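Residue numbers run from 1 in the order of the sequence given. These numbers come from a predicted model, not from an experiment. In what follows, every heavy atom counts, from backbone to side chain, and hydrogens, waters and symmetry copies are set aside.
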Amino acid sequence: MEEKSINEKESLELISRMIATSKNNLRIGQGNVLMYFGYFTATLSIVIGVLIGITRNPGWSWCWALMFVFWFFMERLKKNRPATVVTYTDRVISQVWRIIGIMFVITFIVLTVSAFSLHNYGIMNPMMPLSLVYVCLGVSIVGAVVREPYVTYIPIIGILFALAMMVSIYLNGMMYFGNIFGFGLSFIVIMAIPGHILNCKAKKSC
């Protein structure tokens with residue numbers, strides 16, 4: 001079978017179509033994966049922060065595990081979507097989030113085992129800033145893959161807040177309410193806003 005070679009112009013057009021298709025595939029219904037995760041995390045942070053503030057019981061922090069439940073729910077939702085054309089960039093994005101997810105799980109398991117083994121639950125404090133760093137890296141990589149500068153560079157704000165949280169934990173040895181609410185706000189900035197940007201671009205390309 002004879003293979004047909006393509007010129008530089010056709011190659012660039014093919015890459016552009018793949019990127020456009022990937023942007024469109026990031027959508028779920030009228031929303032977007034990043035938007036859903038951003039708003040869910042922000043809402044969860046408010047609920048946890050309020051519960052801890054009212055009860056003075058830091059045990060409510062274990063409710064952050066609901067993010068894994070939400071992640072599983074989103075994966076099921078994506079599988080139930082109508083079949084779409086899966087491009088190379090789609091596979092790259094999928095692999096990026098799979099690796100980010102593995103990092104989440106490993107970090108959570110290691111910190112949880114350490115906390116229970118040493119009877120020091122303050123060991124769990126780095127989980128929030130580390131999670132923020134992981135997500136920022138994931139969103140930035142997605143932005144670079146689909147060539148959206150705003151999506152690529154907006155997560156830098158989240159990285160800065162994650163570093164501020166780490167410094168706060170190091171200096172004070174504990175997590176403050178401001179960090180919990182700031183964590184949720186950061187997800188609005190680094191996930192929900194880029195999600196809206198990608199969603200708008202996807203609609204315009206339809």
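- Nearest heavy-atom pair across Trp71 and Phe37 is CA-CZ, 3.7 Å.
- In this structure a side-chain-to-backbone donor-acceptor pair under 3.5 Å is present from Thr112 to Phe108.
- The minimum heavy-atom distance linking Ala144 with Thr152 is given by the pair N-OG1, 3.1 Å.
- Under the 4.5 Å side-chain criterion, counting only non-hydrogen atoms from C-beta, Val105 is in contact with Phe68.
- Side chains of Thr43 and Phe40 form no contact here, defined as non-hydrogen atoms less than 4.5 Å apart.
- In the hydrophobic clustering of this structure, Val113 groups with Leu118; members are Ile, Leu, Val, Met, Phe, Trp, Tyr whose side-chain heavy atoms approach within less than 4.5 Å, directly or through other members.
- Between Leu130 and Met127 the shortest side-chain heavy-atom distance does not fall below 4.5 Å.
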List, one per line, each side-chain donor-acceptor pair under 3.5 Å for residues 153-163, sequence neighbours excluded.
none

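- Heavy-atom minimum distance, Ser186 versus Leu132: CB-CD1, 3.9 Å.
- The nearest pair of heavy atoms linking Pro126 to Leu111 is C-CD1, 4.5 Å.
- Two residues are said to be in side-chain contact when any heavy atoms from C-beta on lie closer than 4.5 Å; Val142 and Glu148 fail this criterion.
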**Item:** Worked check of side-chain contact (heavy atoms from CB on, under 4.5 Å) between Phe104 and Val135
**Value:** CA-CA 9 Å; Phe104 265 112; Val135 172; 3.4 Å; yes
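- For Thr55, the side chain to side chain donor-acceptor pair (under 3.5 Å) criterion is met by Trp60, not counting sequence neighbours.
- Distance alone, capped at 3.5 Å, places no donor-acceptor pair between the Thr41 side chain and the Gly184 backbone.
- Atom CD1 in Ile93 sits 10.5 Å away from atom CD1 in Ile141 (nearest 0.5 Å).
- Taking the six-membered ring for Trp and the full ring otherwise, the centers of Phe183 and Trp64 sit less than 6.0 Å from each other.
- Clustering ILVMFWY residues whenever any of their side-chain heavy atoms sit less than 4.5 angstrom apart, transitively, puts Val110 in a cluster other than the one holding Val133.
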**Item:** Verdict with reasoning, Met128 to Ile180, per side-chain contact (heavy atoms from CB on, under 4.5 Å)
**Value:** CA-CA 8 Å; Met128 287 175 62; Ile180 296 176; 4.3 Å; yes
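- Closest approach of Ile190 to Cys136, counting heavy atoms only: CD1-SG, 3.6 Å.
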**Asked** Is there a side-chain contact (heavy atoms from CB on, under 4.5 Å) between Val139 and Leu34 once you walk through the steps?
**Response** CA-CA 8 Å; Val139 175; Leu34 299 181; 4.3 Å; yes
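- Under the 4.5 Å side-chain heavy-atom criterion for ILVMFWY residues, no single connected hydrophobic cluster contains both Ile102 and Trp97.
- A continuous path of ILVMFWY side-chain contacts below 4.5 Å connects Ile109 to Met103, so both sit in one hydrophobic cluster.
- Taking the centre of each ring, Trp62 and Phe116 come in below the 6.0 Å mark.
- By the criterion of side-chain heavy atoms lying less than 4.5 angstrom apart, applied directly or through intervening Ile, Leu, Val, Met, Phe, Trp or Tyr residues, Ile197 is not grouped with Leu137; the two fall into different hydrophobic clusters.
- Scanning all heavy atoms of the two residues, the minimum distance from Met35 to Ala192 falls at CG-O, 3.6 Å.
- Two residues are said to be in side-chain contact when any heavy atoms from C-beta on lie closer than 4.5 Å; Tyr36 and Phe70 meet this criterion.
- How far OG of Ser45 is from CG of Asn179: 11.5 Å, rounded to the nearest 0.5 Å.
- Applying the side-chain hydrogen bond (donor to acceptor under 3.5 Å, both in side chains) test to every pair with at least one member in residues 98-110, sequence neighbours left out, gives these pairs: Thr107-Tyr134.
- Proximity of Tyr39 to Met191: side-chain heavy atoms (C-beta onward) are nowhere separated by under 4.5 Å.
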